[in-house]
Amino acid sequence: MENKFLPPRSIGNLAESIAMTYETTVTPLKQILEDEEIPYAEDDYGNAFDGMTVYDNSFFIHLNTSRGNHIDTPRGRFTMAHELAHCIIENHRKGIISGKLKPHPSKTNQSFHYRLEREADFFASCLLMPEFRFLKECLGKPFNFDLTKHISDTFQVSLTAAALRFALIGTHPIIVIYSKGFGIEWYFPSNDFPFKSLLDGKDSIPINTLMSDFFKDGKRYDEIVEIEAQDWFKIYRPQDNGRAFYEKCIYGPDGVISIIWEE
Ligand SMILES: [Zn+2]
């Protein structure tokens, strides 16, 4: 199954109401940290985590530069927005202050199983890409990989963050799939994406896919490749056999993301 848990809308509203008090399209995280009076530090902590929030009478956020997290990089911005969630969402904040929510090393894209981490990721996504501003960038444009790039440039977020936000509120059905090489970590289809079940579930990466080529032979595709529905998905109707889709892979330090869409 795909990951069903969607954090409460109220968390998104909270994040967006903060973002919309600032005029810039690129959410000014430094300014927010200043306004919330939360100091932070960038440092090299090895490969242990992307970001971490600690509390000792006041909040303090660590960004791990050795994994590419700076306040101005797309990866670091998402990490920072995630950590800000822990300082701002009421039950996270209370949990950290009371010690019930332990300081935890957050890793981008790898936290889908944990409810609070999902909430913090959702907060981050809404803080960096408020729906109103996001849709303004998408309306009237057909989905293709260039639009993902446009969103990523416009909001200074990673391609993955842009694609996931598009799957949730975008104007065209897509699916985003993530693997670290052993099976599928998670996948997220738009509500109106025509296929909801992967060919082998989450157990393995289907062999006729770009993603599989990478983990098998290290082969990378810079280009968008045309694929057929049955390469990735369980199909139940004969007319879906051969139905054309496009796939684009994004190769990152922690695995591969596939974005798939139909024209
Ligand atoms: Zn976290």
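Order of appearance sets the numbers: ligands from 1, and atoms from 1 within every ligand. Predicted model only: the values in this text are computed from it and were never measured.
Checked against side-chain contact (heavy atoms from CB on, under 4.5 Å), H150 has the following partners two or more places apart in sequence or in another chain: E137, K141, L147, T154. When the side-chain contact (heavy atoms from CB on, under 4.5 Å) test is applied to E90, the partners found at least two apart in sequence or on another chain are R93, K94.
For F193 and F245, the ring centers sit closer than 6.0 Å to each other. Taking the ring centroids of Y251 and Y221, they lie at or beyond the 6.0 Å cut-off. A centroid separation of 6.0 Å or more is found between the aromatic rings of F60 and Y40.
The tally of protein N/O/S atoms under 2.8 Å from the Zn ion (ligand 1) stands at 6.
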Below 3.5 Å, can you tabulate the donor-acceptor pairs from side chains in residues 163-175 to any protein atom, sequence neighbours excluded?
{"unit_1": "R165", "atom_1": "NE", "unit_2": "M129", "atom_2": "O", "d": "2.9"}
{"unit_1": "R165", "atom_1": "NH2", "unit_2": "E16", "atom_2": "OE2", "d": "2.9"}
{"unit_1": "R165", "atom_1": "NH2", "unit_2": "M129", "atom_2": "O", "d": "3.0"}
{"unit_1": "H172", "atom_1": "NE2", "unit_2": "E262", "atom_2": "O", "d": "2.6"}

